[in-house]
Number of protein chains: 2
Amino acid sequence: MARAATTSDVFNAIAEPQRRQILVLLRSGERPVNELADELGMTQPGASKHLRVLREVGLVRDRKEGKQRVYGLDARKLRPVHEWAGGFERFWNASFDRLDAYVQSLKHAGRKESR
Amino acid sequence: MARAATTSDVFNAIAEPQRRQILVLLRSGERPVNELADELGMTQPGASKHLRVLREVGLVRDRKEGKQRVYGLDARKLRPVHEWAGGFERFWNASFDRLDAYVQSLKHAGRKESR
DNA sequence: TTGACACATTCCCATATAGGAATATGATGT
DNA sequence: ACATCATATTCCTATATGGGAATGTGTCAA
């Protein structure tokens, strides 16, 4: 089965480094495809393909402007990502020894023994 | 080229839903492979494979305990993900109309014209 | 040593890409 | 209608999975 489609899961869509670059670049403003491709050093078809994926998952919007197609950021779908990762915040804030202690406390507090 | 190895990029490693589930589950405590597989309804080899990926990117650690191998969370690598997504916070906080305005202001403020 | 248990690994397969090359589509100016 | 510019799409290929089945490896107990 390989993996869920990149076009249906934001986590998967942003797994591609170049697509993350595109999103970052778009923070500083909308851009037509070619400009975007130039700035990121990718081919035009390459940019178009990535943009299509980003559009289908809803991370960018596009708008026609003359013969150009201007792409803009729609970061709302990134919020779940931020929150998901944020759910682990207390784990990276604690030092590792403390982390172990914390984990142990949870373990003994409310679960069946495992050793 | 298909994509960068899942074992070298955290974003790619967490692109797999089941691996995210594993990480979430491990927040409540360390677990041996079988227990983890049971709780998530996956086969043992399946769990082992995902755990291997997570271990190679550094998201989990393992420790031998008798004949079991206990896996624990190491969420530090998730911090960059949280921060990356957080870099878009102002974009999802603003309403869309405001967003456009903001984007336009940036555009006119410091870049070469494009229309 | 033998057997049982807990995992890890290997094989094999179907599928989903990413990328390059070539081509199709669309809008604009003449 | 025609040439041109800006994009999108299609074709093809090499590769990276994820999953199932079978098997290998390591540890502990008797």
Side-chain angles (χ1 to χ4, degrees), chain A residues 1-23 25-26 30-57 59-72 113-115, chain B residues 1-23 25-26 30-57 59-72 113-115:
Chain A
M1 236 185 260
R3 193 182 292 197
T6 54
T7 54
S8 61
D9 180 13
V10 179
F11 283 90
N12 208 343
I14 64 173
E16 233 296 323
Q18 307 204 64
R19 283 197 286 266
R20 288 199 295 272
Q21 286 183 38
I22 290 178
L23 294 176
L25 183 58
L26 289 180
E30 302 178 316
R31 277 173 180 70
V33 180
N34 271 322
E35 193 175 325
L36 211 155
D38 282 348
E39 298 187 67
L40 294 181
M42 50 179 90
T43 65
Q44 176 268 309
S48 279
K49 288 174 191 170
H50 284 311
L51 285 167
R52 177 177 185 170
V53 172
L54 292 173
R55 176 173 11 110
E56 292 190 32
V57 292
L59 283 168
V60 301
R61 293 167 303 151
D62 64 302
R63 167 168 57 80
K64 287 184 183 176
E65 184 151 332
K67 33 180 170 181
Q68 312 194 111
R69 184 170 286 263
V70 181
Y71 280 88
E113 280 295 13
S114 64
R115 61 170 292 197
Chain B
M1 235 185 259
R3 191 182 292 199
T6 53
T7 53
S8 61
D9 179 12
V10 179
F11 282 90
N12 208 342
I14 64 173
E16 234 293 324
Q18 307 203 64
R19 283 197 287 267
R20 288 199 296 271
Q21 286 184 37
I22 290 178
L23 294 176
L25 184 57
L26 289 180
E30 303 178 315
R31 276 173 181 68
V33 179
N34 272 322
E35 194 176 323
L36 210 155
D38 282 348
E39 297 187 69
L40 294 180
M42 51 179 87
T43 64
Q44 176 267 308
S48 279
K49 287 173 190 169
H50 284 310
L51 285 167
R52 177 178 184 169
V53 172
L54 292 173
R55 180 179 0 119
E56 290 189 33
V57 291
L59 283 169
V60 300
R61 293 168 303 151
D62 63 302
R63 167 167 57 78
K64 286 185 183 175
E65 183 152 333
K67 29 180 169 179
Q68 312 195 108
R69 185 169 286 262
V70 182
Y71 280 88
E113 279 297 9
S114 63
R115 62 167 294 193

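The chains referred to below are lettered A, B, ... by the order of the sequence lines, with proteins before strands, and numbering in each begins at 1.
- The separation between A:R69 atom CZ and C:dA27 atom P is 9 Å, rounded to whole Å.
- An OP1 or OP2 oxygen of D:dG18 is reached within less than 4.0 angstrom by a side-chain nitrogen or oxygen of B:R19.
- Nearest heavy atom pair, residue B:V60 against residue B:L51, reads CG2-O, 3.9 Å.
- Distance B:K64 NZ to D:dC28 P: 9 Å, rounded to the nearest Å.
- When each of A:K67 and B:S48 is assigned the nucleotide of DNA chain C bearing its nearest heavy atom, the one mapping closer to the 5' terminus is B:S48.
- Within the model, atoms CZ of A:R31 and CG of A:L40 stand 8.5 Å from one another, a figure rounded to the nearest 0.5 Å.
- Taking CD1 from B:I14 and CG from A:N12, the interatomic distance works out to 10.5 Å, rounded to the nearest 0.5 Å.
- Going from atom CD1 of A:I22 over to atom C1' of D:dT7 covers 14 Å, rounded to whole Å.
- Residue B:N34 places none of its side-chain N or O atoms closer than 4.0 Å to OP1 or OP2 of C:dC5.
- As a whole-Å value, the separation of A:L51 CG from D:dA8 P is 7 Å.
- Taking only distance into account, the side chain of A:Q68 never meets the base of C:dA27 through a donor-acceptor pair shorter than 3.5 Å.
- Among the heavy atoms of the strands lying under 4.0 Å from B:K49 is at least one base atom, whether or not backbone atoms are also near.
- Just one residue in the list A:R61, A:R55, A:R63 forms a side-chain hydrogen bond (donor to acceptor under 3.5 Å, both in side chains) with A:Y71, and that residue is A:R55.
- As a whole-Å value, the separation of A:E16 CD from D:dT15 P is 17 Å.
- Spacing between atom CD of A:Q44 and atom P of C:dA21 amounts to 13 Å, rounded to whole angstrom units.
- Both B:P45 and B:H50 lie close to DNA chain D; mapped to their nearest nucleotides by heavy-atom distance, the more 5′-ward contact belongs to B:H50.
- Between the CG atom of B:D62 and the P atom of C:dA6 there is a distance of 17 Å, given to the nearest Å.
- Look at B:Y71 and you won't find any side-chain N or O under 4.0 angstrom from OP1 or OP2 of C:dA6.
- Nearer to the 5' terminus of DNA chain C, by closest-nucleotide assignment, is the contact made by B:V33 (compared with the other of B:V33 and A:G46).
- Between the CZ atom in A:R69 and the CD atom in A:E65 there is a gap of 12.0 Å [rounded to 0.5 Å].
- Between B:M42 atom CE and C:dC7 atom C1' there is a gap of 15 Å when expressed in whole angstrom units.
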